[in-house]
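One structure is given below, encoded as structure tokens.
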Amino acid sequence: MRLLQRFAVLLLLCAASFVQAELADAQRAAAKPFTGVLSRGFTASATWLELSIAGDPGARKGDTWILRVRPTYLDDLELHDPLDTSGRTRKGGDHVEWPDAEVKSLSHGFVIPASTEPRQIWLRLSTTSSSFIHVQVMTPEEFQYSRLLQEMVYGLMLGVLLLFFLWAVLHWVQWRETMMAMFSITQLMAIIYAMTLVGYNRVLFGDLLSAMTIDTVSNLIICGYVFVSFIFHYFFLREFQPARLLLSLIPTVAAVAFAAEVVLIGLGQVRPAMYTNILLVSLSPLLVLATAISCNAWQTAAEDAQPPITRRTLILFYLLVCSVLLVATSHALGLFDAPELNLHLYLIHGILTGAVLVTLLQVRALRNEASRNLAMLRARTSAQQVEIERQKSQLQSRFMEMLAHELKTSLSVLHMVFGIPQPTSDMMSHARRTLQSINDLIDRCLLVEKFEDDQIISNYEYFRVDEVVEESLRKSPDPARFAVYHEERITIKSDRQLLRSVVSNLLDNALKYSPPGSVVQLRVRQGMHEGLRGCELSVENEVALRAGVATFPDEEQLFKKYYRADSARRHSGSGLGLYLVANFVRLLGGAVRYERQEHSVRFIVWLPN
């Protein structure tokens, strides 16, 4: 055991001697001045930073400053301060265990003594990621304020990403679309990636997991987020009909690169894995942009099936994505130094991309919902059209059945009358009534056709209602059966011909479906309807009895086309009379209603004065 302890101490002494020798070489070497953010790209060699710190004349003995180092994905930091007399090695970075960190925050840091005189301190950086570093010296009060501000800004960014994720999940739950499922997964990975990038993994899991485990998982998350993002863009662009070769390259390149990165990380070759990942982020957006440019859905889709996003908008979006990623990765690759804003450029890119995608997908969702509603409307309209055709077919069938029955009955009567060598006067009178019935049937059919083709032309004039009633009574086959009551002589402005047709149909209906010899009551008087004064005409007749019981028509079917009650089928008729009455009264701006009495029925027509 003592031998092992001595060997370990010897290794530490050798390492310390090596670092001291390296520090001495760095101090002798020519330095390149820089301010702001230093970017050296991916390098296997350590980077030494000589930091000039101005003194504070007001500093007192025992005062301290905070040396803050960002970003958080730097692996190994080593501080050499001439005022530090402890003799211990000052370490920081991702590979330092969380309980051993000098400053516990979302950034790496060291506590250094305050001094009244300027001095130089040395910081050694060694990392498997990009050597991209920004260093600040602050008072504890300044650091505390900056820390709170940083946590607030990062929390706000994560909150925005969480809103995007919840929006995507809600849309996926509602529509169960593959696109929304992929966007939900991408936004979830964006949240995890953002938490990793700003250092929440160390804060949340530093006391549970080792620093190396957290670092390995963080590297896998960074690579995984890039892979998932490209898979999402594959599904997103697929709807716009891009060139198949370019589209198929997106998931292929992303999958091959991610598999290679996972293998390299598993073998401990982290720097090549992260370098591969940054190259993928640098070059693949050009492939995605080319795929977007090749989309031609706008030329092939029908007018009502056009994509919800214009081709120009799609290309501008991918130009923005490509530009931001090229700027961010060029700094990470060390092509040129970057401003401090680039420390947050990946997060800003994630939020901007998410915001634009949410907008585009919301437009797409609204368009898709409109398309679904249109499809449902078309299906409903088609079903209604089928139902209308079915009803028309039924009406035509009923019309032909009625017409055949009426003509066959009438022709039988005529055949019987004219088949007799010397028919009596009563027979000839019956034959004339039969011919009149055929003529009335044809007239009603023609009236119905004109009405349904909107060929009824109203001709309004002033006339007395009693004159129309008397005219209709004279043409009635049995005027003696009517008891007419004129409470007063009423003049209205309406269509005389249409009103004559209404009255004639009501009189004919009353004679036909009342017991033979019964009296039909006809009244004309002033009446009110919905607060308006007008002329009220009513026709009341007794109903026929079947087995001693009065039979009444169906009130719901009474004014429908071709309807005839069961008790009326033994009489000739078309089922068009009351249909014409209801529609002609409506054309005249009036109303008609049916009232059932104990042994009679009454039809009441109201017309405005």
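The basis for the numbers below is simple: all heavy atoms, side chains too, and nothing from hydrogens, waters or symmetry mates.
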Could you walk me through whether F559 and V585 pass side-chain contact (heavy atoms from CB on, under 4.5 Å), step by step? CA-CA 12 Å; F559 294 104; V585 169; over 6 Å; no
For [X], check salt bridge (charged side-chain N to carboxylate O under 4.0 Å, His left out) against everything at least two apart and list the hits.
| X | value |
| --- | --- |
| E177 | R364, R372 |
| R593 | E595 |
| E542 | none |

Take atom CZ in R176; do more than 12 heavy atoms of anything else shown fall under 6.0 Å from it? yes
Is atom CE of M376 surrounded by more than 12 heavy atoms (other residues, nucleotides or ligands) closer than 6.0 Å? no
Is the shortest heavy-atom distance from the side chain of [X] to the side chain of [Y] under 4.5 Å?
| X | Y | answer |
| --- | --- | --- |
| R311 | N296 | no |
| Q521 | F482 | no |
| S538 | F603 | no |
| L237 | I250 | yes |
| M182 | W172 | no |
| L522 | L507 | yes |
| N505 | L578 | no |
| V601 | Y513 | no |

Testing the basics here: between [X] and [Y], what is the closest heavy-atom pair and its distance to 0.1 Å?
| X | Y | result |
| --- | --- | --- |
| A255 | F227 | CA-CE1, 3.6 Å |
| P608 | G589 | CD-O, 3.7 Å |
| G354 | F183 | O-CZ, 4.3 Å |
| H486 | V484 | NE2-CG1, 3.3 Å |
| G350 | L161 | O-CD2, 4.2 Å |
| S294 | A243 | OG-N, 3.0 Å |

Evaluate the side-chain contact (heavy atoms from CB on, under 4.5 Å) criterion for residues W167 and M180: first the C-alpha distance (whole Å), next the side-chain angles of each, then the deciding distance (0.1 Å), finally the verdict. CA-CA 9 Å; W167 177 89; M180 288 303 176; 3.8 Å; yes
Angle between ring planes, H529 versus W606, binned at 30° and 60°: parallel, tilted or perpendicular? tilted
Any chance you could measure [X], atom [atom1], to [Y], atom [atom2], to the nearest 0.5 Å?
| X | Y | atom1 | atom2 | answer |
| --- | --- | --- | --- | --- |
| S229 | L280 | OG | CG | 10.0 Å |
| M157 | I191 | CE | CD1 | 14.0 Å |
| I490 | R464 | CD1 | CZ | 11.0 Å |
| L499 | I492 | CG | CD1 | 5.5 Å |
| D508 | S501 | CG | OG | 10.5 Å |
| E467 | R489 | CD | CZ | 9.0 Å |

With no hydrogens and no angle check, is any side-chain donor or acceptor of [X] less than 3.5 Å from a backbone partner on [Y]?
| X | Y | value |
| --- | --- | --- |
| E261 | N277 | yes |
| R481 | S518 | yes |
| W298 | F240 | no |
| S284 | V281 | no |
| T359 | A355 | yes |
| D495 | L498 | yes |

Using the side-chain contact (heavy atoms from CB on, under 4.5 Å) rule, take L314 and F236 through it: C-alpha gap first, then chi angles, then the decisive distance, then the call. CA-CA 10 Å; L314 185 70; F236 182 68; 3.6 Å; yes
L357 vs F317, side-chain contact (heavy atoms from CB on, under 4.5 Å): CA-CA, chis, key distance, verdict: CA-CA 9 Å; L357 280 173; F317 167 66; 3.6 Å; yes
For residues H233 and Y318, establish whether the separation of their ring centroids is below 6.0 Å. yes
